[in-house]
Trainee: 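The structure's right below; bear with me while I get my questions together.
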Protein chains: 2
Amino acid sequence: IAHLEEVWKIYRLGTIDVPAVRGVSLKVNEGDYLVIVGPSGSGKSTLMHLLGCLDTPTSGNYWLRGERVADLNDSELAEIRNRRIGFVFQQFNLLAPISALRNVELPLVYAGVPRPERKERAEAMLARLGLEKWAQHKPAELSGGQQQRVAIARALVTNPDFVLADEPTGNLDSVASSEVMDLFDELSRDGKTIVLITHEMDIARRAHLIVRVRDGLLVDAS
Amino acid sequence: IAHLEEVWKIYRLGTIDVPAVRGVSLKVNEGDYLVIVGPSGSGKSTLMHLLGCLDTPTSGNYWLRGERVADLNDSELAEIRNRRIGFVFQQFNLLAPISALRNVELPLVYAGVPRPERKERAEAMLARLGLEKWAQHKPAELSGGQQQRVAIARALVTNPDFVLADEPTGNLDSVASSEVMDLFDELSRDGKTIVLITHEMDIARRAHLIVRVRDGLLVDAS
Ligand SMILES: Nc1ncnc2c1ncn2[C@@H]1O[C@H](COP(=O)(O)OP(=O)(O)OP(=O)(O)O)[C@@H](O)[C@H]1O
Ligand SMILES: Nc1ncnc2c1ncn2[C@@H]1O[C@H](COP(=O)(O)OP(=O)(O)OP(=O)(O)O)[C@@H](O)[C@H]1O
Ligand SMILES: [Mg+2]
Ligand SMILES: [Mg+2]
């Protein structure tokens, strides 16, 4: 489903170059359940942004379902991002002025789903994450862990077949964490392709494949 | 140093009341090293915001160094928050347009510390957290874990004697986490008063006292 080939990502900071990802080659197959681990600043989020077509490589190739991403135009990329890929950001990125429910409905608005069905699917996904009582709260009226679960609900509501999640349990206590991970395990059993970033080894052990990065390099995959 | 007596915090959401903290009484003594644990949404961050004078109780009393906080005016409160209390927010709250170094210098600007000393102290604190190479990066040019360590550096640069930290290791791998916790342990040995929120039990075990909350109530302190 996703194939990175000798991909580099170099940020330019004034006159300095910051190589965040350095010559990484990685194949993610349909139905894989993959975890990326590595120290803080090692390039995990950058790698995920490239996989999710949220950023473009400085050099190297990226193929998504056999198509070269560099050859796709903006509207084709937006379509792939909206319908195919569910992304949970490390810093949530919820829209502050609207409620949890409207935040979760948003991807369905872009996908043109009519209002009654949108509302029903968004409510069901919030309930699935234990947040039905908080649907009308705005992000600032939610706790850190509740905001994180709203971000997960928003990523999954379009029923994407490729789920990318950056530290999805970082702000959660052990009970809420295992509820979220049970949901990811279920999606994996349904055949979805899942790539997760975590620094908690008991979470990493649930995946089928662990990929380690350090200083922008892929050091091990097992 | 801090004494909460029968404190409630009730948020008003449209026409509904959301009781986040319900009748909590808690004494924090000089030099204490206290951890607050509890499920997501149980009132931990709300309790910390009250302790840090970032929010005011709906009812009940709060005394800080013997003074009733409700009797203090805005400039007295700002002085206490700036000089006495170091606060690490769960969502970092770094200023996006300025560099990591300038973010860390900011509390010293408010405290009127001259520029050369400000820069030196901010650089030293960033180096203490392993970030000297990233001092010129803006928050969006840092990884999640690096942003979190900048937020910790900013909270500690004024050398406060009361440190409040909300999930300070939430985004950190085990190596960076233990470096941060070693720093907190050192501050505690120096006689600082520390209150931490965490959901990781190996972190909680470092403290002298563990306080458990659930649904806004203090359920246990040991
Ligand atoms: N401004 C607000 N308006 C309404 N409700 C709020 C507001 N802020 C917080 N809440 C609610 O108060 C409760 C306690 O929130 P708090 O942020 O203290 O939880 P927490 O224990 O820190 O959780 P977490 O571990 O997820 O960070 C939550 O149910 C939350 O939805
Ligand atoms: N826009 C940017 N400009 C310059 N440097 C950047 C930018 N974004 C990230 N970096 C740098 O690239 C490196 C990799 O960042 P990345 O966010 O991928 O790390 P990470 O592995 O996700 O870390 P964490 O576990 O702390 O979230 C870091 O050293 C970071 O400072
Ligand atoms: Mg990251
Ligand atoms: Mg919280």
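First the proteins, then the strands, lettered A, B, ... as listed; each starts at 1.
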Trainee: Do the side chains of A/E200 and B/S174 get nearer than 4.5 Å, heavy atoms only?
Mentor: no

Trainee: Are there more than 12 heavy atoms of other residues, nucleotides or ligands under 6.0 Å from atom CD of A/E186?
Mentor: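 More than 12 heavy atoms, drawn from other residues, nucleotides or ligands, come within 6.0 Å of this atom.
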
Trainee: Looking at A/G14, A/P39, A/G38, which has the largest count of heavy-atom pairs under 4.5 Å with chain B?
Mentor: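 Heavy-atom pair counts peak at A/P39.
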
Trainee: May I ask you to check whether A/N171 and B/Q90 show a side-chain donor-acceptor distance below 3.5 Å?
Mentor: yes

Trainee: Below 4.5 Å from any heavy atom of chain B, which atoms of A/Q147 appear? Answer side chain, backbone, both or neither.
Mentor: side chain

Trainee: To the nearest 0.5 Å, how far apart are CD in B/E141 and CZ in A/R12?
Mentor: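 Going from the CD atom of B/E141 to the CZ atom of A/R12 covers 12.5 Å.
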
Trainee: Pick one of side chain, backbone, both or neither for A/S143, based on which atoms fall under 4.5 Å of a heavy atom in chain B.
Mentor: side chain

Trainee: I'd like to know which of B/S177, B/G41, B/A176 tops the heavy-atom pair count under 4.5 Å against chain A.
Mentor: B/G41

Trainee: Taking B/D173 for its side chain and A/H199 for its backbone only, find out whether a donor-acceptor pair lies under 3.5 Å.
Mentor: no

Trainee: Is chain A contacted by the side chain of B/E167, its backbone, both, or neither, given a heavy-atom distance below 4.5 Å?
Mentor: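 Side chain of B/E167 only, per the 4.5 Å heavy-atom cut-off to chain A.
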
Trainee: Among the options A/Q136, A/Q148, A/R149, pick out the one with the most heavy-atom pairs lying under 4.5 Å from chain B.
Mentor: A/R149

Trainee: Might you confirm whether atom CD of B/E5 has over 12 heavy atoms from other residues, nucleotides or ligands at distances under 6.0 Å?
Mentor: yes

Trainee: Take atom CG in B/D74; do more than 12 heavy atoms of anything else shown fall under 6.0 Å from it?
Mentor: no

Trainee: Which answer fits A/V18, side chain, backbone, both or neither, if we ask what part of it has an atom under 4.5 Å from a heavy atom of chain B?
Mentor: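 For A/V18, side-chain heavy atoms alone lie under 4.5 Å from chain B.
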
Trainee: Any chance you could measure B/L142, atom CG, to A/S45, atom OG, to the nearest 0.5 Å?
Mentor: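 Between atom CG of B/L142 and atom OG of A/S45 there are 11.5 Å.
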
Trainee: Within the structure provided, determine whether B/L13 and A/K138 are in side-chain contact (heavy-atom separation under 4.5 Å).
Mentor: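 No - every pair of side-chain heavy atoms lies 4.5 Å or more apart.
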
